[in-house]
Number of protein chains: 2
Amino acid sequence: MSDPDTRSRILSAAELLFTEHGFEATSLRMITGAAKVNLAAVNYHFGSKEALIQEVFKSRLTWLNEERLRELDRLEHAAKGEALKPRQIVEAFFGVALKMAADVKGGGRNFMRLLGRTYTEPSAFIRNFLGGEDAAVISRFKTALFAALPDVPRAEILWRFHFMLGAMAYAISGADAPHIVAAGDLEESDPEALTARLMSFLIGGLRAPLPEIHAAKKPRERKAA
Amino acid sequence: MSDPDTRSRILSAAELLFTEHGFEATSLRMITGAAKVNLAAVNYHFGSKEALIQEVFKSRLTWLNEERLRELDRLEHAAKGEALKPRQIVEAFFGVALKMAADVKGGGRNFMRLLGRTYTEPSAFIRNFLGGEDAAVISRFKTALFAALPDVPRAEILWRFHFMLGAMAYAISGADAPHIVAAGDLEESDPEALTARLMSFLIGGLRAPLPEIHAAKKPRERKAA
DNA sequence: CTATGATTCAAACATTCGTTTGAAACCATC
DNA sequence: GATGGTTTCAAACGAATGTTTGAATCATAG
């Protein structure tokens, strides 16, 4: 009767079904059906549907953000007090996520698709939860970017970081997007190729000339990426 | 009794509520309450909730895509058979959307937020609907980009277009995103500044050096954007 | 073996949902 | 005024939802 698997089977089923159907359209009966457990097990093990949703994110998201911070620590340690290059920072943040997204069998790919989708989720409770989870890592990375790009206004860096997140979310969603279907002939990209493609795009965008709202105030020149 | 407003009041209320809560979490009773109409009016005027969802998108999305095509036509007419510059094409596609997003009072801003969110919506019926609506405009723009960037592999262009869409979606969502909340100190950007910021980022990404998966095959050089 | 706590179970509960129904009210035309 | 079509209304319908409940089952320790 004491089945250590019940809890993890619910989590796995929920993760897949949330990705496929969204939170609202995935019922607990769908999840328990897929996990082959009893409906009451959800409330026994998790307390509520909301708590289950948060649990689905917790461990992977914690690992993702901790890994990002570890990567940044390694880079900063190796740099011995010098500022990092923007490319390094971008690779630490986005590269770790893309590596996770490349892990099909372990569920990382599905999770990153769910995460990318969830960042535009209307539900305030989910947005607040994610915001809380991301606060420390975002703060660290923005500080590192400010140091790496001293000539770029902070607002510009923040907005570009935000655009980069959108690009990554769509990259991860990939063939799910209606545009891809409409475009028709886009081949599936293998994880390494997708990473290379996205990184190139992100660095290009990050190091693009400043828009007119700033260029008049402070001429800028390109630096090594 | 014959109230030409009932239908449009339902549409307006639905548009706002779908943006705020998502499709599944917005009930018809919420919509009819906000619109001050009877619950059965939805089925009388629209037939079903799904049909209402599609109606919410139809007229604005048709206008958006037609305006994009008109802009592209104008550019091509002025170019007299020469290929357009990539920047022109990007401005025709994304600029029109951002102009719509700048229209707070007329509801364009809310609509673009809804649209950006909807592109990652799990529901297959919504994705199929949007894909169908976008097919012609996407096809035209990809053809124009291929002509503008003859040295760039087509797959690269398509993926970069996709990344750009993600960046735009997040740009429009703006302060809704958990990352922005976590970042804390990002100031609201006025529409013109946001457009300039995003365009700079998009062109930078589009014209970024090709990733390693291609660079070995075909050396590339920068062209005028 | 018994007692206790943990876990699972089926059923029930209260609520909510999109859709339907038949009547009432309204409008336009003759 | 009568007629037919349109629109709105309140209530009902059947289904689905997350949560709760009390009993049964299981596992462990004494």
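For the numbers below, each heavy atom of this structure counts, side chains included, while hydrogens, waters and symmetry mates do not. In what follows, chains are A, B, ... by sequence order, proteins preceding strands, each numbered from 1.
Between F46(A) atom CZ and dT8(C) atom P the separation is 11 Å, expressed in whole Å. A straight line from NE2 of H21(B) to C1' of dC17(C) spans 16 Å, rounded to a whole angstrom. We find that CD1 of I10(B) is positioned 11 Å from C1' of dT7(D), with the value rounded to whole Å. Between R7(B) atom CZ and dT6(D) atom P there is a gap of 15 Å when expressed in whole angstrom units. Put simply, CD1 on I31(B) is 17 Å from P on dT16(C), counting in whole angstrom units. Between the NZ atom of K49(A) and the C1' atom of dT20(D) there is a distance of 17 Å, given to the nearest Å. Computed from coordinates, the F23(A) CZ to dT17(D) P distance equals 17 Å when rounded to whole Å. If you measure from atom CD of E50(B) to atom C1' of dT19(C), you get 13 Å, rounded to the nearest angstrom.
Between T6(B) and the phosphate of dT8(D), there is a side-chain N or O to OP1/OP2 separation shorter than 4.0 Å. Between H45(B) and dT6(D), a side-chain N or O to OP1/OP2 separation shorter than 4.0 Å is absent. Within the structure, every side-chain polar atom (N or O) of S27(A) is placed at least 4.0 Å from both OP1 and OP2 of dA16(D). At least one side-chain nitrogen or oxygen of N38(A) sits closer than 4.0 Å to the OP1 or OP2 atom of dA10(C).
Counting only heavy atoms from C-beta on, L28(A) has its side chain closest to dT19(D) among dT19(C), dT19(D), dA10(D). Checking dT7(C), dT6(D), dA12(C) against the side-chain heavy atoms of Y44(A) singles out dT7(C) as nearest.
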Tabulate atom names and distances for all N/O pairs under 3.5 angstrom spanning the protein and nucleotides 20-23 of chain C.
none

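By the side-chain contact (heavy atoms from CB on, under 4.5 Å) test, D103(B) pairs with no residue at all, sequence neighbours left out.
Proximity of the aromatic rings of F141(A) and F161(A) is defined here by a centroid distance below 6.0 angstrom, and this criterion is not met.
When each of R29(A) and K36(A) is assigned the nucleotide of DNA chain C bearing its nearest heavy atom, the one mapping closer to the 5' terminus is K36(A).
Residue contacts for T26(B): at a heavy-atom cut-off of 4.0 Å it reaches the sugar-phosphate backbone alone, with no base atom in range.
In this pair, W159(B) and F163(B) present their aromatic rings tilted. The plane angle is within the 30 to 60° band.
Between E55(B) and K58(B), at least one side-chain nitrogen of the basic residue sits less than 4.0 Å from a carboxylate oxygen of the acidic one, meeting the salt-bridge criterion.
For the pair L165(B) and F94(B), the minimum side-chain heavy-atom distance is below 4.5 Å.
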Does the salt bridge (Lys or Arg N to Asp or Glu O under 4.0 Å) test come out yes or no for K99(A) and E67(A), once each step is laid out? CA-CA 11 Å; K99(A) 224 174 298 175; E67(A) 186 67 16; 5.9 Å; no
May I have the list of side-chain donor-acceptor pairs in residues 29-38 of chain A shorter than 3.5 Å, sequence neighbours left out?
residue, atom, partner, partner atom, Å
T32(A), OG1, L28(A), O, 2.9
T32(A), OG1, R29(A), O, 3.3
N38(A), OD1, A40(A), N, 2.8

